[in-house]
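This report refers to the structure that appears directly beneath it.
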Amino acid sequence: MKVSSLALGAVILLHGHQHQHHQFVNAFFVPSHHQRVIGKQKHQRRGPISSSTGSPIPFAAPTHTTTTTSIFTATSSSSSSLNEDLQIVQTQLRLEYAPISPFGKNAGPPLAGGKHILGGKGANLAEMSELGLSVPPGFTITTECCDKYCNEWDQTLPPELWNQIVASLTAVEHEMNSQFGSPENPLLLSVRSGAAISMPGMMDTVLNLGMNDQVVEGLANKTGNARFAWDSYRRFLEMFGNVVLEIPRSLFEDELDDIKYEKGVNEDTDLTAEDLKEVVGRFKKVYETMDTTFPQDVLEQLRLSIGAVFKGWMGDRAIKYREVEQIRSLLGTAVNCQAMVFGNMGDTSGTGVSFSRDPNTGSAELFGEFLINAQGEDVVAGIRTPRNISELKGIMPEVYEEFVRNTQILEKKFGDMQDIEFTIQEGKLYMLQTRNGKRGGEAAVKIAVDLVEEGLITKEQAVQKVLPEHLDQLLHPRFPDVEMKEYKKAVLTRGLPASPGAAVGRIALTNEQVVANKEKGFPSIMVRDETSPDDVEGMYSAEGILTARGGMTSHAAVVARGWGKPCVCGCTSLSVDEHSGEIVITLDDGSQKTFKEGDFLSLNGQTGEVLEGEQAVAPPAITGNLKTFMDWVDEIRDIDVLTNADTPADAKEARKNGANGIGLCRSEHMFFKPERISKVRQLILGDDKQADAALKDLLQFQREDYEGIFKEMDGLPVTVRLLDPPLHEFLPSVKESAVMAELAKQLGTSIHELTEKVESMEEVNPMLGLRGCRLGITRPSIIEMQTRAILEAALNAIEAGVDARPDIMVPLVGKVEEFRNQKELIQSVAKSVFEERGKSCAYKIGTMIEIPRAALTAHEISEEAEFFSFGSNDLTQMTFGYSRDDVGSFVPSYLSKGILQDDPFVSLDTEGVGQLIKMTVERGRGIKPDLKIGVCGEHGGDPRSVRFFSNEAGLSYVSCSPFRVPIARLAAAQASVENKSEFKP
């Protein structure tokens, strides 16, 4: 009779001489969260769960009581039977996907969906298995189960799911020819998190799961390596205690340091088997001091560990990381339970992490590290200094060649640089994980270009490989000349160049100090012995990161590269004393130099140099690979990218960054120069004669500015917005007595009279007061002066051989009558200018759409206007009813409570403001199908907003600050790729 694995999950076959007595353990009853093995509490032990009734099946009372250990042997259930039962459980638990997906040599194709369900790690393990690589077998519990665990299952594993976990474990035992919990032939597991999007170091891992007092002895006997067995046990005790039972890791590290001190050794590897046995004893006492019991029951270890990984998804570190990285819409993390292979079994074993290309420079060579006789956490934790991956070729040449071949297979499969974890057990290579590697900006661009040239991906795919943040890194300042004597003299020491870029800031030794500095506006260099996931907020807020320990794949290095933060790791000449607030750097000549928190340091993440003081930095340039890549971007994108520029210098910078013109030139910004502000105040506060004189002076100033801008934008459109802000913004505060006295003298009036005039112009709500077109209608002389300046400048530029293309934009229109009034005034001035000069030039008159009423009546306004440009900042302000200047008092709270998903002044509110934009486009182009429509608010440089403007709203262009232009170009190209059916997944 065929028995399904669901039923077989309730059968425990006992083998081996020392297990003649019946030793029963509850493998299947899942206690509530009140029944954890903590303190004096004991969970209730019952029999397995009936697959038909869902009720516990009682066990017969054991005839003899010893330490309970679960022993499994391979069952007769086939993989097809297991798959059938998983589908049954899927239905029982009302899941969209099978809850578990096996991987390994004989696992077959994955049962659940892609990364969204299996997580990046689980999906890639399945892919590597299908490629035939040496992957230790295991199974993935889906992200869907994590979502249910955290939100519906009261943080417990349902009996139906637990039975299938046990059945899946049986299949792993069969594949590995070993038994979970068996002292004679033990199987150990790793339990790892793995979300759809990589979150390095933010979630939890438990290794060597399945160790207990009997297994450690059996493992020592089986391997003939007692040191390996006790080393594995002490590691498990620490990881399990910290990750699952939340015992501070420092308590274990203190005990280990004490043992090493007592034994007179420096490295963990110098401890003998007897020493490690003593460490295990001390670690158990750590549990006791925390009123906690270490569970000898291996199935209880597994259950608690799976739960801990699921709960880690809602931990503070993971939540903060997702906030910083703006990771949303994920179900949770998957849990990957995998057979352990061991890198700490002697000199023919080891473990490592390697990128298939250099994540700093992008060069096509392996970049990684390994340790002999070690486990994976040793490499990333920075406890031992690892060796360069290239050295593996001389130590284990066959393993190295196989690893190189595997990296090439994986790059071809995934079309990207891979970040690979591997273990070597007694000369055999095992591939534990692969994922698309995090990289810095320079590397991202070079890798994208190289992959296209190598024929592995297309240009369209290459555009998707580079993130906006990568370009942001490349557009950051750098140290101008590292060969200068002054620069070399400032070099204090060197570490590993873990993440490129230049950083200058004040020394900050704690997470809290970095955050406090940022709140005060001070840049920080975070200096630590080594970083941990608890430092994520400070790392994100710092300009750069410096650590005394850790290698190129340490936590600090990986996170810094992902965020584009310059980072120098493994600076062995650095000593950090957090308590005294000081660091000491040992110089090349052996002397020492002490620095205090608040002193300035500079970091060169490209070279690993640490420099004293504030070093000068210089802007970057778009050349080489970056230029090639940006040329592809421009080929692919469907919308133009303009810039917001108010001066010739801004225009020049924007054009250098690839802008297609100026989408917003704010004329009022030209008025704030010292020699001009007095003229503006004279215009506003003076009598008619003084106002006329001021207008003449301002006309000359404005004309000169516009001529310079037209020259820089030769052949490209320049959109000038007429005066927009309330006039009182140009006036001094009545409390500025010296300024008021000088202005009164200039106007020939008393301070008392001047004060009354200034105060009379104050408005209760100036953003909704006399500004924009309202100002132009009530003070037309200002608009006449500005129009004349624009058109005379254009004519002058044309006479000088410049192709000037002026567009004049009327701000804050809410009724078509307002626009019509200003349009007629502009046309009247233009007629006069052209008649006076005897020549004319082409120009357009359009309007800003920044008032909801303008969006609602766009069909009327488009009858008159030649173009629209959304002032998305004001449109957001008026749609939400939020004051842009006061949102800091409540928006952070709204974000933390989930009322808002994003700051609407940073990323466009597509559900509200976005609908007004789409309505405007539809109604405007319903009258004029070819109507030019763009956006010139800050949202024009936000990648997610650009995607909406391009793909959903169908705008003609976006406009942003000069330094954001390359990022907007990339975002526009990525939006175009996503919008083309041939590139959609």
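Worth knowing before you read on, the calculation uses all heavy atoms, side chains too, and leaves out hydrogens, waters and symmetry mates.
We find that Lys823 and Glu818 are not joined by a salt bridge, their nearest charged nitrogen and carboxylate oxygen being 4.0 Å or further apart. In this structure, Lys696 does not pair ionically with Asp692, as no charged nitrogen and carboxylate oxygen lie closer than 4.0 Å. In this structure, Arg666 does not pair ionically with Asp724, as no charged nitrogen and carboxylate oxygen lie closer than 4.0 Å. We find that Arg779 and Glu784 are not joined by a salt bridge, their nearest charged nitrogen and carboxylate oxygen being 4.0 Å or further apart. Salt-bridge annotation for Asp902 and Arg944: present, with a side-chain N of the basic residue lying under 4.0 Å from a carboxylate O of the acidic one. With respect to Lys844 and Asp807, no salt bridge is recorded, no charged nitrogen being found less than 4.0 Å from a carboxylate O. A salt bridge between Asp714 and Lys711 is absent, with no side-chain N of the basic residue lying under 4.0 Å from a carboxylate O of the acidic one. Lys656 and Glu653 are joined by a salt bridge, as a carboxylate oxygen and a charged side-chain nitrogen come within less than 4.0 angstrom of each other. With salt bridges taken as basic N to acidic carboxylate O contacts below 4.0 Å, one links Arg771 and Asp874.
Side-chain contact check for His939 and Ser945: no donor-acceptor pair (N or O, by modelled atom type) lies under 3.5 Å. Between the side chains of Glu938 and Asn873, no donor-acceptor pair of N or O atoms lies under 3.5 Å. There is no side-chain donor-acceptor pair under 3.5 Å between Ser524 and Arg506. In this model, no donor atom of one side chain and acceptor atom of the other lie less than 3.5 Å apart for Arg721 and Asn644.
Between Glu864 and the choices Lys928, Arg820, Lys815, the salt bridge (Lys or Arg N to Asp or Glu O under 4.0 Å) rule is met once, by Arg820.
Between Gly686 and Leu747, the closest heavy-atom pair is CA-CD2, 4.1 Å. When all heavy atoms of Gly663 and Thr719 are compared, the closest pair comes out as O-CB, 3.6 Å.
Remark: Lys757 pairs with Leu685 by the side chain to side chain contact (heavy atoms under 4.5 Å, CB included) rule, at least two apart or across chains. Judged as a side chain to side chain contact (heavy atoms under 4.5 Å, CB included), and not counting sequence neighbours, the contacts of Lys652 are Glu712. Taking Ala794 as the reference, Phe710, Ala804, Pro806, Cys841 meet the side chain to side chain contact (heavy atoms under 4.5 Å, CB included) condition, with sequence neighbours excluded.
Ring to ring, Phe890 and Tyr882 are close: their centroids are under 6.0 angstrom apart.
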Practice prompt. Go through the steps for Cys936 and Phe870 under the test side-chain contact (heavy atoms from CB on, under 4.5 Å), then give the verdict.
Written response: CA-CA 6 Å; Cys936 59; Phe870 291 102; over 6 Å; no

Worksheet item: Taking it one step at a time, do Arg655 and Asn660 satisfy side chain to side chain donor-acceptor pair (under 3.5 Å)?
Response: CA-CA 7 Å; Arg655 185 151 196 172; Asn660 301 123; over 6 Å; no

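Under a cutoff of 6.0 Å and an axis angle of 45°, Lys565 and Tyr540 form a cation-pi pair.
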